[in-house]
Structures are given as C-alpha cells and as structure tokens.
Amino acid sequence: MRYVQTTCPYCGVGCTLNLVVNDGKLVGVEPYRRSPINEGKLCPKGMTCHEFVHSPDRLTKPLIKKDGEFVEASWDEALDLVAKKLRETSDKYGPKSLGFQVSCRTPNEECYIMQKIARVGFLTNNVDNCARICHGPSVAGLSLSFGSGAATNPFEDVLNSNLLLVWGSNAVEAHPLVGRRIAQAKLKGIPIIVIDPRYSPTARLADDWVRFNPSTHIALANSMMYWIIKEGKHDKEFIEKRTKGFDDLKKMVEKYADVENITGVPTEKVREIALKYAEAKNAVIIYCLGITELTTGTDNVRSMGNLAMLTGNIGRPGVGVNPLRGQNNVQGACDMGAYPNVYSGYQKCEDPAARKKMETAWGLKEGSLPDWYGSTLTEQINECGDPIKAMYIFALNPVVSYPDSNHVKRSLEKLDFLVVQDIFWTETCEYADVVLPGASFAEKDGTFTSGERRINRVRKAVDPPGDAKEDWEIFVLLAQKLGLKGFDFKSPQEIWDDMRKVTPSMAGCSYARLEKPESLHWPCPTEEHPGTPILHVDKFSAPDGLGTFFGLEYRPPAEVADAEYPFTLMTGRLIFHYHTRTQTDRARILHYEVPENYVQINTEDAKRLNIVRGEKVKVRSRRGESIAVARVTDEVGPGVLFMAMHFPEGANALTNTALDPLSKMPELKHCAVTVEKIKEGN
Ligand code: SF4
C-alpha cells in the first residue's frame, strides 16, 4: 500500500488528496490533512475520484474508422494518419482550416504542448479551451476592469471578510469546498448575501437571499451602484487614486434607481443590500456561471468589477472579486495559451514583440506566427466545413457539453477529418475518424492551476490501461511524425520548464517549489519570489496601473420567454456529477444519487399543467427537446425551470448558441422553452 499525493480531477477548487495504491491499482482516496486548500476534507466527487480509473470500458487502443466501422490500430498507424491528414489539410486550405480544442480537465503541460503544436506545426491561432463556455467572460471582463482576468484573492480569505456577496454561484454544489468556506464564514457570524433566481443549497446559507429575474444582473448591479453613490457610500479616495472612468459609470447608473420592473427586486431591497455591501469594512464578491454563461457575460463580470472598485474592495485580505472556476484546470488551460489570441501568461498574439519572442524561442522564422484572432471553441463548431476541414478534440465532449447539441452533431458531420483523444468512448467519438486513448489524472504527472491561481501538483499513481498513453507523450509522438523541432520532451516537467522560459508570470514556479503543500499562486516571476495570493495590492495589473469603470447598459437575453415558449430554462451543475458524466457516472455512489436527467418546476406551474413529482415530462425549445423527470419545488420561481448540464439529450439539446459579443460565450444559462406532460404516443 502506498499513498500518492495529488490534486482532485474535478472542480476548480483544487483540493489535495491521497490516492491509495495497492498492487498497481487504485483502491481508495484518503485525505491530505496538511492541505491549506481543503484541510483534509473532500466532497463526494473527490472521495470517489479513483473509481472511474480502472473501469473496464476505458479506451485502451487507438481506433481508426474504416468503411464506417472503428477498428483497432497501432499507435504508428493512427499517428501517421493524424499527422498526414492535418498536414494535407493545412497545406491545401491554410492555417484557418484546422481547429484545436483543448480540455480544461487535463494538466497544464498538456494544454501547453497542444497549443504549441497548433502554433508551431500549423501556424494557426485556431486553438481554444473549454473555459470559453464557462469563464471566458471572466478572462475578458476582469482583464478589461483590472488588467488581469483572474481571481483576485485566495479562497480561504473569505474568512477575513466582513461580508460575502455570492452572486450567480451555487458553490455548495458546484464548488463544495468553497461552499465549506462560506459555511465557516456563517459560523463566524460573517453576513452572507446570495443573489440567485433559485433557492439553491448555497442560498440556504444566506442571511439575505435575493431572488431576481434570471439574467437581469446588470440592471440590479447598476441600481445597487446608484444607491451606493446616492448615499455617498462610495470610496472616493480609492476611486480618485486608483481608477478611471467613474464619471461614465455615475452617469449610466443614474437611470437605474428603480429596476423592480426588470429584476423583480423591490427598490428598498436593492438599496438595503447595496448599503450593506458598501458599508462592510471588507467585502468579497464570489461569482460563478450564473454571471458568465450569458450573452451579457463580459458586462456582468465588469459589473462585479465596478461594484468592487466603487467600494474600494480590492487589493487586501478579505475583499476582491473571485470567479469560481468550473473544471479543475480552467484557469491553467487559459494560462497556458490554449486560447485564440494569447500565448502562455496572456502574452498577446497581436503584439509583434510577443510574436517575435515566441518565434525565437520556438525556432520559427521571423514573421511566421499569425497575428489574427483565432476562432473560439463554439465559433470553430459553426465553421465546420468552411473554413474548418479538420479538427482535433482533446478530452472534451462537445456533443453533450456545447449549446444546441443537434447543431454540434450536424457541424461535426461536415468535417473531412476529426481526431478525438480521450479516456472513454464519448458521444463525440461517434463523429471521429481517429480515436486516441489517453491517460486519466491518476496516470500522469503534471500540474493543475486552481481558480485561485494556485498551481498544484498532479502525480502519477498507476499506469494507463492497455496501450493507452499519457497524453503529453501522444503529443510528443505526433510532433515527431510532423517533423517538428522543439518537442523532444522526456517528461511533463521538461514541458513545464519550456513553458516557464517564455512566460514571465510563471517563471519562478519550478517543480521543486511546487512540491510544498501550500504550493504557489502566480504571478511568480523569479525563483526567489514568494508568489502572489492577492492581486492589485498597490496598483492594478493594467499597463497604466489603474482599474477601469465601465458604464454598462442592461440588455435582455437573446431569447426570452413568449407565448409559444413560455418558460425560462436555467442550467447548472450538481454536486454528484462533473462535465458530461464520463467519469462521475462510473462512480457507483455518484451514479445512484442522480442516475438520470431531471427538471425542476415550480409548484404552481406543475399544478396548472397537471405535472406531478417523478413523472417524465418533455421540455422543448426552438432547437430540440429533452425528456426529464419532473421535480416539483419552490426552489425555482413561477415561469422558471432548472436542468443540470451533465446529461446527453439533456439541457444542451435545448440551449441557445447566441454569443456574448466580447467573449464569445454562448447563452447556456438562459433560453425559452415549453414543458408538457408526455402523453401516450408523444
Ligand atoms: Fe474535488 Fe472540487 Fe470536491 Fe474539492 S470541492 S474534492 S476539488 S470536486
């Protein structure tokens, strides 16, 4: 028996745990009590994260589609075919004909090497990761407001706060160990305001739960800021010394004194919570996908930035703006440059100096790297067939996790060539020409970067099954087949060091330093630097050192309920599942807790439609339909439904592909649907 200390493969909290290994197999999970992140505690997902690793249905051999059937192939045969097809496509149609889709559940080293293959091998910026469909607006919005698109403070810092404003986050289910911090704050007597249309398990912890109409964040935030300014509770000194754009904001919010007709929140309540937030000595904002997964996602995030700067709640313990990252390595995949407009450490592709630096480091001819903004994840789906002819999907399942599943399926069918690299057969594999078997988190070394910018080590405990390979190794072999220079890595550590050489903000994060339980928060520019748990202490990360206020107008969602589709569908995560359940559904306890898709419907609506708890209902949108078990509850208000995003033929059969103009985030949290009883023959 031995313990291997590693990082949980699920949400962006990044809990440390011990995998228990006996005779080359994982037999359990044990707490790692010295972890400052989770102090030895784990949620149900973390406790069972070993169960899927040895599933008998793991992919163990490369598969090639021949005459419509998948047949087993050798690695040589499969990678020769992948290299040949990608090269032929690029030579014939140019760099915009390829799409590279990187996962947020795989280690940093693999995200970095995949984007490097796209850029060095094919001179394309068509590389993106699935942060696009969860926290793309955080990267865009916080960068515009603060100059850095990352969380400002560590998770444990909520206990230094005097007030928690939790907005659009069900942390208790989606980020349970942050939920634990919120519960600890409650025990300490720290007031908690939760703003959410749903009476979620997190809302139950609140001193003040504010139910508002779905997707009316900007109107509500503007109104709060109106009252803060009107009552003179804004931090004039902070605004004067550290920010710009206040006049624009002030002018804009003057129109938002009363927003009850938009938000459903009475004006006196808005004023009350606004003043509570402004008057707290230190107040922190925690937000999540309720803020981001909308066509107003970037503006919603900037509204959070506006609120924090208006009250001077930035740059010290107990304050800040903290997006909770969904998957384990959402932060890291972006940090590694698996993004269509930046290299690692957010060095901009449009900057000639950054391009020249990368060309020199990567041994490319001067002027060869593209300056154009590559296609985002969902734009790549829209572009399947023209101009994108070939796509490489790494550890993602777009058929279930992207909006409008029918559209995704139709799009993938238009490709000339599709590679899927994963550990299980997914719904997306059906559309592939080659399927490559990779390794799980327990079968490789590397790092994940959590939502608080903390870089945590991932350690190999067991070997991958059959002929499956560690994913970084697959990319090294592919680079060899493509004849690329600069990819002769022998370990994930060598890839990490290659990244550090070109990434000033992480240059000081050596593997040796990451061995310590407390790990390191980037920025950490030198080996002597202690890391940066709190951002924007003396100045913001923007080039002029100032934070920027934005006067933002409220815009309604792209599709609102109407006579034909009278319900608003909201989507979200469950504590028992992760992504599209490829891993969590193979853990027995998690499967039995929530084995099938369900929809929450308000008691009055259910009565009116004669729907009873437990019966199957059909939910339809303009794009598709989904069968779900009805859960009749007052957690959702009248006219609102809630469905989890994890199930095939579930929420994303219904969701809308309309995009946030700035971050290209699809509107996964809001669409118009109808719900009906299933009649015989229906
Ligand atoms: Fe894993 Fe997140 Fe649960 Fe921690 S809170 S054990 S990181 S799923």
Side-chain angles (χ1 to χ4, degrees), residues 12 102 104 106-120 125 127-129 131-132 135-136 138-144 146-152 323 325 329-362 364 369-371 373-374 446-456 486 492-511 513-514 519-536 539-543 545:
V102 184
C104 295
T106 56
N108 284 318
E109 293 73 5
E110 295 171 355
C111 298
Y112 175 78
I113 191 173
M114 187 171 179
Q115 65 85 37
K116 188 174 172 184
I117 285 184
R119 289 189 161 116
V120 172
N125 280 338
V127 54
D128 199 11
N129 76 79
R132 181 68 51 196
H135 273 290
S138 295
V139 178
L142 294 179
S143 298
L144 289 165
F146 301 159
S148 163
T152 61
R325 307 294 177 140
N329 202 32
V330 168
Q331 180 68 54
C334 301
D335 299 345
M336 292 300 107
Y339 227 56
N341 65 329
V342 291
Y343 305 116
S344 52
Y346 304 94
Q347 301 169 86
K348 290 191 169 68
C349 302
E350 66 184 17
D351 175 5
R355 288 203 303 279
K356 191 162 176 225
K357 171 182 155 180
M358 293 301 176
E359 284 158 358
T360 308
W362 292 343
L364 293 169
L369 282 173
D371 59 356
Y373 201 130
T447 52
F448 295 149
T449 306
S450 75
E452 53 179 347
R453 296 174 283 105
R454 199 192 292 251
I455 303 165
N456 299 312
Q493 184 173 353
E494 290 187 9
I495 301 172
W496 181 253
D497 289 340
D498 190 69
M499 181 282 298
R500 287 203 296 139
K501 271 187 225 146
V502 293
T503 314
S505 58
M506 277 168 266
C509 303
S510 64
Y511 263 39
R513 297 188 73 196
L514 298 177
S519 189
L520 281 169
H521 297 76
W522 67 258
C524 179
T526 65
E527 298 262 359
E528 293 72 40
H529 193 283
T532 314
I534 300 179
L535 289 179
H536 319 304
K539 57 187 176 87
F540 283 95
S541 308

Within the distance-only criterion (no hydrogens, no angle test), does the side chain of [X] pair as donor or acceptor with the backbone N or O of [Y] below 3.5 angstrom?
{"X": "Ser510", "Y": "Arg513", "result": "yes"}
{"X": "Glu109", "Y": "Thr447", "result": "yes"}
{"X": "Lys501", "Y": "Ala361", "result": "no"}
{"X": "Glu110", "Y": "Gly446", "result": "no"}

Exercise. Would you call the rings of Tyr112 and Trp362 parallel, tilted or perpendicular if under 30° counts as parallel and over 60° as perpendicular?
Worked result: perpendicular
Exercise. Parallel, tilted or perpendicular: which fits the ring planes of Tyr511 and Trp496, with parallel below 30° and perpendicular above 60°?
Worked result: tilted
For the [atom1] atom of [X] and the [atom2] atom of [Y], what is their distance to the nearest 0.5 Å?
{"X": "Thr152", "Y": "Phe146", "atom1": "OG1", "atom2": "CZ", "value": "6.5 Å"}
{"X": "Thr106", "Y": "Asn129", "atom1": "OG1", "atom2": "CG", "value": "9.0 Å"}
{"X": "Leu369", "Y": "Arg355", "atom1": "CG", "atom2": "CZ", "value": "8.0 Å"}

Would you name the heavy atoms of [X] and [Y] that are closest together and state the gap between them?
{"X": "Pro504", "Y": "Lys357", "result": "CD-NZ, 3.6 Å"}
{"X": "Arg500", "Y": "Cys509", "result": "CD-O, 3.4 Å"}
{"X": "Thr503", "Y": "Ser344", "result": "OG1-OG, 2.7 Å"}
{"X": "Gln347", "Y": "Val502", "result": "NE2-O, 2.7 Å"}
{"X": "Asn125", "Y": "Pro370", "result": "ND2-O, 3.3 Å"}
{"X": "Ala333", "Y": "Cys104", "result": "CB-SG, 4.1 Å"}

Heavy-atom distance under 4.5 Å between the side chains of [X] and [Y], does that happen here?
{"X": "Asn329", "Y": "Asn108", "value": "yes"}
{"X": "Cys349", "Y": "Met358", "value": "no"}
{"X": "Glu452", "Y": "His521", "value": "yes"}
{"X": "Asp497", "Y": "Glu494", "value": "no"}
{"X": "Asp128", "Y": "Tyr339", "value": "yes"}
{"X": "Tyr343", "Y": "Arg119", "value": "yes"}
{"X": "Pro523", "Y": "Arg453", "value": "yes"}
{"X": "Met114", "Y": "Val127", "value": "no"}

For this session: Could you check Asp498 against Lys116 for side chain to side chain contact (heavy atoms under 4.5 Å, CB included), going step by step and ending with a plain yes or no?
Result: CA-CA 11 Å; Asp498 190 69; Lys116 188 174 172 184; 3.0 Å; yes
For this session: Tell me, with the steps shown, if Tyr346 and Asp335 meet side chain to side chain contact (heavy atoms under 4.5 Å, CB included).
Result: CA-CA 7 Å; Tyr346 304 94; Asp335 299 345; 2.5 Å; yes
Exercise. Can Gln331 and Ser450 be counted as having a side-chain donor-acceptor contact under 3.5 angstrom?
Worked result: no
For this session: May I ask you to decide whether Glu350 forms a salt bridge with Lys348, counting only side-chain N to carboxylate O separations under 4.0 Å?
Result: no
For this session: Please assess Ser148 against His536 for the test side chain to side chain contact (heavy atoms under 4.5 Å, CB included), listing each intermediate value before the final yes or no.
Result: CA-CA 9 Å; Ser148 163; His536 319 304; 4.0 Å; yes
Exercise. Could you go step by step and tell me if Leu514 and Leu520 meet the side chain to side chain contact (heavy atoms under 4.5 Å, CB included) rule?
Worked result: CA-CA 6 Å; Leu514 298 177; Leu520 281 169; 4.1 Å; yes
